[in-house]
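This report concerns only the one structure given below.
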Amino acid sequence: MSISRRNFLKGSAAAIALLSTGGVFHAFDQGAFSTGKGSAYEPWRVWNQEDINSDANPLFRLIKASILASNAHNTQPWLYRIGNNEIDLYANVSRNIGTIDPLFREMNISLGCAIENLELAAKASDFETKVTLYPGGFEQIRVANIVLTPAVVASPDHYSIIGKRHTNRAAYDLDKQVEPATLQEMSNLANSFPDVKIVWFSDEAHKTEIGNVIINATEAIIGDKTQSGDSHKWYRHDWDELQRNKDGISIDSSGNSGMTRFFGKVLPTSIKSFNDYWIKLTKNPQVSTASVFGMLLVRNQSDRTQLIQAGRLWQRMHLWAVTKGLAAQPLNQPHERRDREVQLGIEPIFGKAIEKLVNTPGYEGMFTFRMGYPTSQALASPRRPAEEVLLT
Ligand SMILES: Cc1cc2nc3c(=O)[nH]c(=O)nc-3n(C[C@H](O)[C@H](O)[C@H](O)COP(=O)(O)O)c2cc1C
């Protein structure tokens, strides 16, 4: 990405100020020279490597792939228990995002993403899988049981992409649009999930309509101090905190250029500056450069198993998209706002806006995203290693 003369001068002035205030040491402290390094990023390097000690149990390797799944706010709300020939997946409800996800919608979608990776890894390791999802209330913590039987299974196409998939929050290429045939192929991925559908927003009028709903919802979240505070709790500005917690959102995954990320790490931040920046990025480049928006629909978003199926589909779609050179970013502000309206019992402004966008009788919209061809490579986000999320 090119740097304009004005930005270069601004950057140079800031760099001089930084150097003259002993800020270089601070820059080191804050990981300004260590993007993607440290133990928080190790799971991306070792996920498909055989490690004789920890991989003595072959099922452990499946968990190393599972934890690289997409997940809301990078909360990684999962726990695993390995049995003789099975893995149980549990929701770690202590990692809920509070008023951002009061109905546990995003937590369950995230768990679905984790199951998809786990199943791909199982097949790549020659296991046949039988996945059982547990229905029931959202307080019920055991989510799924996956029985694994040794078998000769064709290695799945998307397996090798697991370690290359990252959410891309940067500008997408406005000169290269996603073709209708590509969208159709992605819609076909939903065929394995009878309760889940995809709707696309690809013409200008529909893109503007959904783009405005996303921007308005972002503003509504920012205007709700409790909700934006709950979101901000998962923002990791401090490098030590990021390396310690190995979770959350940081400036490295923001889609910003190298120089902006450098200064973002070094300069102090506040919730106000974070929110100002969030709305700015949402408008441009995120909404403004989307080639296409999409929404996942389920028949009933109060049914946990349907949310999990939608999560499996999202992970499958994102992996598939990467094989086609596409970039993707969920943009769930309208749904986060809709859930908050339900929680507070207030007028369903975003509930109604989503219904209007969906316009499909018998289905509810519960997950929005954008796709397009990337202008830059997305960076990895931190992960807690498989060892840390294993129940003994
Ligand atoms: C249910 C769900 C909701 C998400 N919502 C958003 C969102 O609104 N905005 C966004 O930028 N990313 C969103 N994401 C992406 C996550 O933030 C991302 O997967 C996580 O930070 C891990 O990063 P990675 O996908 O690069 O591995 C969402 C992901 C999931 C599964």
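Whatever order the structure lists ligands and atoms in, that order sets their numbers, starting from 1. Computed from a prediction, not measured in an experiment: that's the story for all the values here.
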Taking the six-membered ring for Trp, is the centroid-to-centroid distance between Trp78 and Tyr90 below 6.0 Å? no
Could you tell me, atom by atom, which parts of ligand 1 come under 4.0 Å of a heavy atom of Arg383? 22 (C), 24 (P), 27 (O)
Taking only non-hydrogen atoms of His73 and a 4.0 Å limit, the atoms of ligand 1 in range are 17 (O)
Provide the number and element of each atom of ligand 1 under 4.0 Å from a heavy atom of His166. 26 (O)
Checking heavy-atom distances from atom 10 (C) of ligand 1 to each of Cys113, Gly248, Pro330, the winner is Pro330
Which class fits the ring pair Phe274 and Tyr235: parallel under 30°, tilted 30 to 60°, perpendicular over 60°? tilted
Linking I/L/V/M/F/W/Y whenever any side-chain heavy atoms sit under 4.5 Å apart, do Ile146 and Leu79 land together? yes
Sort out for me which residue in Phe293, Phe201, Trp200, Tyr172 forms a ring-ring contact (aromatic ring centres under 6.0 Å, His included) with Phe369. Trp200
Would the number of heavy atoms belonging to other residues, nucleotides or ligands and lying under 6.0 Å from NZ of Lys246 be above 12? yes
Donor-acceptor pairs under 3.5 Å, side chain of residues 174-182 to any protein atom, not counting sequence neighbours: which ones?
from, atom 1, to, atom 2, distance (Å)
Gln177, OE1, Ser291, OG, 2.8
Gln177, NE2, Leu174, O, 2.9

Which of the numbered atoms in ligand 1 are under 4.0 angstrom from any heavy atom belonging to Gln329? 10 (C), 11 (O)
Could you list the atoms of ligand 1 found under 4.0 angstrom from a heavy atom of Ser381? 22 (C), 23 (O), 24 (P), 26 (O), 27 (O)
Under 4.0 Å to a heavy atom of Thr167 - the qualifying atoms of ligand 1, by number: 15 (C), 18 (C), 19 (O), 24 (P), 25 (O), 26 (O)
